[in-house]
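Beneath this line is the structure, given in structure tokens, with notes to follow.
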2 protein chains.
Amino acid sequence: MDKKKDLASKLRTSGLRPTKQRVLLAEFLFNRDKTFHFTVENLNKAINKKNSDYKIALATIYNTVHAFKKAGHLKEIFIKEGKNYFDTNTSSHHHFYDEVNNELTDIENNKIELKKFPTPPKGKSIKDVNVIINIDNDNQKH
Amino acid sequence: MDKKKDLASKLRTSGLRPTKQRVLLAEFLFNRDKTFHFTVENLNKAINKKNSDYKIALATIYNTVHAFKKAGHLKEIFIKEGKNYFDTNTSSHHHFYDEVNNELTDIENNKIELKKFPTPPKGKSIKDVNVIINIDNDNQKH
DNA sequence: ATTTAACATATAATGATTCTAAACTTGAAG
DNA sequence: CTTCAAGTTTAGAATCATTATATGTTAAAT
Ligand SMILES: [Mn+2]
Ligand SMILES: [Mn+2]
Ligand SMILES: [Zn+2]
Ligand SMILES: [Zn+2]
């Protein structure tokens with residue numbers, strides 16, 4: 001199978017041994033058409049659902065997700081306390097956050113343009129910019 | 001003392017009894033010229049430092065901060081895992097985040113202007129927009 | 001002054017994440 | 001093909017921020 005081989009080399013290139021667990025997680029996360037946003041809790045449930053042919057320990061899921069992040073294959077996104085999202089889109093980009101469904105949607109960088117722009121404090125320079133647009137159902141009372 | 005009386009009415013108006021602990025915390029947080037960004041850990045240390053004349057239980061600090069937030073006197077800001085900031089500036093505004101010193105700086109709303117702007121998904125409307133500009137020391141290697 | 005709901009507090013519980021230490025796997029070398 | 005060391009997985013323990021509990025205290029209305 002081609003895809004599996006590709007993933008194995010992707011992992012090796014990142015200095016990660018392509019173990020069974022890592023390849024399975026990489027398949028699940030990276031063999032997709034669209035960006036995938038998830039929490040560790042999410043991922044754990046999806047992978048270890050009953051009747052699944054293969055189980056991965058929660059510690060391994062943590063280890064792997066962090067290893068993938070360190071290797072640049074995942075981005076971490078902070079939205080709210082106790083909700084740590086990871087993102088398979090590692091490009092610099094922005095998000096809609098739907099508070100009703102706890103869902104993230106990508107906004108590509110070129111869809112947002114900052115007109116005015118503040119000067120960073122002396123001795124500091126801008127590393128990156130994150131825009132989160134919180135969205136609600138229409139006609140929501142505040 | 002005028003300031004104390006003001007705080008007591010501010011609390012009463014919010015439906016909060018002006019207890020000794022709340023008044024003390026309100027003084028510490030709100031009798032300032034500038035915006036104050038803090039974590040609960042921060043606040044607890046500042047209030048309960050040794051040789052301080054009055055101690056407040058950690059649970060009370062949590063309760064009070066959450067009560068102040070609910071009453072609209074504090075805003076909560078999510079920057080990274082395990083770092084929950086609160087903000088005495090409750091207006092809609094943005095931030096610089098200095099990753100080196102773990103420090104937030106306000107950017108007033110009118111200092112940033114979004115030129116291009118994406119359309120929210122169908123049935124959803126924008127509640128608010130949060131921009132975080134991560135900053136680094138100059139000449140930092142990535 | 002009495003009364004009662006609101007509040008503060010010490011302590012226990014929770015829950016997400018990290019650590020530990022033992023067993024297993026991978027890939028390189030012989 | 002074996003051997004071997006470093007890397008990896010795992011169950012379970014530990015950690016740590018936060019929240020819940022249960023008891024004593026206080027604000028403020030009557
Ligand atoms: Mn993490
Ligand atoms: Mn909180
Ligand atoms: Zn994304
Ligand atoms: Zn602020």
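A quick note: this is a predicted structure, and the numbers were derived from the prediction, not measured. Chain letters run A, B, ... following the sequence lines, proteins first, then strands; residues in each count from 1.
Other cluster members for Tyr97(A): Ile77(A), Ile79(A), Tyr85(A), Leu104(A), Ile132(A), joined by side-chain heavy-atom distances under 4.5 Å among Ile, Leu, Val, Met, Phe, Trp and Tyr.
The side chain of Arg12(A) contributes no N or O atom lying less than 4.0 Å from OP1 or OP2 of dT26(C). For the pair Tyr62(A) and dT18(C), the criterion of a side-chain N or O lying under 4.0 Å from OP1 or OP2 is not met. OP1 or OP2 of dT18(D) has not a single side-chain nitrogen or oxygen of His66(B) nearer than 4.0 Å.
If you measure from atom CD of Glu76(B) to atom C1' of dA17(D), you get 13 Å, rounded to the nearest angstrom. Atom-to-atom, CD of Glu41(B) to P of dT19(D) comes out at 15 Å; the value is rounded to the nearest Å. Note: CG (Asn84(B)) to C1' (dC16(D)) measures 14 Å, nearest angstrom. Separating the CG atom of Asn44(A) from the P atom of dT17(C) is a distance of 11 Å, rounded to the nearest angstrom. Nucleotide dT17(C) holds its P atom 11 Å from the CG atom of Asn42(A), rounded to whole Å. As rounded to whole Å, 9 Å separates atom P of dA17(D) from atom NZ of Lys83(B). The separation between Leu11(B) atom CG and dA6(C) atom C1' is 14 Å, rounded to whole Å. As a whole-Å value, the separation of Lys70(B) NZ from dA6(C) P is 12 Å.
To the nearest 0.5 Å, the span separating CG on Leu24(A) from OG on Ser52(A) amounts to 7.5 Å.
With Arg22(B) contributing its side chain and Arg17(B) its backbone, the two residues share a donor-acceptor pair below 3.5 Å. One N or O on the side chain of Asn48(A) and one on the backbone of Ile56(A) form a donor-acceptor pair closer than 3.5 Å. Without hydrogens or angle criteria, Thr35(B) side chain to Asn89(B) main chain gives no donor-acceptor distance under 3.5 Å.
In this structure, Lys10(B) and His73(B) have side chains that are in contact, with non-hydrogen atoms separated by less than 4.5 Å.
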Expected rows: protein N/O vs nucleotides 8-10 of chain D N/O, under 3.5 Å:
residue	atom	partner	partner atom	Å
dT8(D)	OP1	Arg17(A)	N	3.4
dT8(D)	OP1	Arg22(A)	NH1	2.6
dT8(D)	OP1	Arg22(A)	NH2	3.4
dT9(D)	OP1	Thr19(A)	OG1	2.6
dT9(D)	O3'	Gln21(A)	NE2	2.8
dT10(D)	OP1	Gln21(A)	NE2	3.4
dT10(D)	OP2	Ala57(A)	N	3.1
dT10(D)	OP2	Thr60(A)	OG1	2.6

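Checked against salt bridge (charged side-chain N to carboxylate O under 4.0 Å, His left out), Lys45(A) has the following partners two or more places apart in sequence or in another chain: Glu41(A).
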